[in-house]
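Note that ligands are numbered from 1 as they come in the structure, with each ligand's atoms numbered from 1 the same way. Atom set for the values below is all heavy atoms of this structure, side chains included, hydrogens, waters and symmetry mates excluded. Here the structure is a predicted model, which is why all the values come from computation and not from measurement.
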Amino acid sequence: MVAAQPILSLENVNAWYGASQALFDVSLDLDRGETVCILGRNGAGKSTTLRSVVGLIRRRTGRIVMNGRDLLGMPIHHIARTGIGYVPEERGIFTSLSVDENLYLPPTVSPKALSLNTIYDMFPNLAERRGAMGGQLSGGEQQMLAIARVLRTGAELLLLDEPTEGLAPVIIQRIGELLQQLRSMGHTILLVEQNYRFAHRVADRFYVLENGRIVNHLTRDGLSDGADSLSRFVEV
Ligand code: ATP
């Protein structure tokens, strides 16, 4: 049997901010339908890895292949059209536009784009707030809106940068359920997290970054003592 091609693969990726190198030979891959988490302490290079994939960092070498297409050298607006939906740490909501308007804005990149009705069925709290301005939403609602917005585009691979950061436990629980729902709908998720308990609950595999290098690769089944064994890789 021929193994299925990964949806995304990074091979020996190096990345720089100006003259300062932030990633060193980072290699990782995601199979279709998986949820994979990058763990690591502050400054390890987690966000830089996501930014390198979507082309926000232009000075990078190696290979980044999405659905068989090499992303290096591809203009940033073409990268979005390969089916990648990126939710940055700061979420990028338009604060002076309504929830509805935030959801209408993104261009559709594939026929898998979810309709507004489907989005509001999945996110009942956003439906209740559809007329509210982005800036009036709570942190949790903004995170939901940021995820909903990339689902509107039809992205099949979601890159989520610390979706639980600064949120209350009950909202983190809801985001966990949402990621499990997206997984069951067939989405592939690359997640950056420092919350190892959350990561352990939602991810199938974990890459550990340290000083811009992958230093460990773990599967959930391989973690004999559960979520707590992930804690040594992140700041507590
Ligand atoms: P955090 O959770 O703190 O964001 P991280 O693992 O996501 O941590 P990155 O933001 O990817 O870390 O940072 C990796 C390295 O690149 C760090 O040394 C950081 O200081 C540096 N860096 C990040 N952004 C910039 C930038 N805009 N200009 C210069 N250096 C940067």
I need the atoms of ligand 1 closer than 4.0 Å to a non-hydrogen atom of [X], numbered in the order shown.
| X | value |
| --- | --- |
| Ala44 | 5 (P), 6 (O), 12 (O) |
| Glu162 | 2 (O) |
| Gln194 | 2 (O) |
| Arg41 | 6 (O) |

### Message
I'd like the name of whichever of Val192, Leu39, Asn42 reaches closest to atom 3 (O) of ligand 1 through any heavy atom.
### Response
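Comparing heavy atoms across Val192, Leu39, Asn42, the nearest one to atom 3 (O) of ligand 1 lies in Asn42.
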### Query
Hey, what do you get for CZ (Arg81) to CD1 (Ile76), rounding to the nearest 0.5 Å?
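Here the interatomic distance stands at 13.5 Å.
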### Message
Rounded to the nearest 0.5 Å, what separates atom CG in Leu151 from atom NE2 in His187?
### Response
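Going from the CG atom of Leu151 to the NE2 atom of His187 covers 5.0 Å.
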### Query
Can you find a protein heavy atom closer to atom 9 (P) of ligand 1 than 4.0 Å?
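Answer yes: something from the protein, a heavy atom, is under 4.0 Å.
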### Message
Determine whether any protein heavy atom is located less than 4.0 Å from atom 19 (C) of ligand 1.
### Response
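When distances to the protein are checked, atom 19 (C) of ligand 1 has no heavy atom within 4.0 Å.
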### Query
Does Glu193 pair with Lys46 as a salt bridge, N-O distance under 4.0 Å?
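Result for this pair is no, no salt bridge flagged.
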### Query
If you measure from each heavy atom of Gly45 to ligand 1, is any distance below 4.0 Å?
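Within the 4.0 Å threshold, so yes.
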Give me the nearest non-hydrogen protein atom to [atom] as residue plus atom name, then the distance to 0.1 Å.
| atom | value |
| --- | --- |
| atom 11 (O) of ligand 1 | Thr48 OG1, 2.4 Å |
| atom 4 (O) of ligand 1 | Ser47 OG, 3.7 Å |
| atom 17 (C) of ligand 1 | Gly43 O, 3.6 Å |
| atom 16 (O) of ligand 1 | Tyr17 CE1, 3.4 Å |

Checking side-chain polar atoms at under 3.5 Å, does [X] have a donor or acceptor matched by the opposite partner on [Y]?
| X | Y | result |
| --- | --- | --- |
| Tyr207 | Thr49 | no |
| Thr118 | Ser115 | yes |
| Tyr104 | Arg149 | no |

### Task
Answer yes or no: are there more than 12 heavy-atom neighbours, outside Asn211 itself, under 6.0 Å from its atom CG?
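No, CG of Asn211 has 12 or fewer neighbouring heavy atoms, counting only those of other groups under 6.0 Å.
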### Message
Do Ile93 and Tyr86 land in one hydrophobic cluster if side-chain heavy atoms of ILVMFWY residues count as linked below 4.5 Å?
### Response
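Hydrophobic grouping puts Ile93 apart from Tyr86.
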### Message
Test salt bridge (Lys or Arg N to Asp or Glu O under 4.0 Å) on Arg220 and Asp204; report intermediate values, then the result.
### Response
CA-CA 6 Å; Arg220 186 174 19 191; Asp204 305 301; 3.8 Å; yes
### Query
ligand 1 and Ala22, any nitrogen or oxygen pair closer than 3.5 angstrom?
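The answer is no, given that Ala22 and ligand 1 share no N or O pair closer than 3.5 Å.
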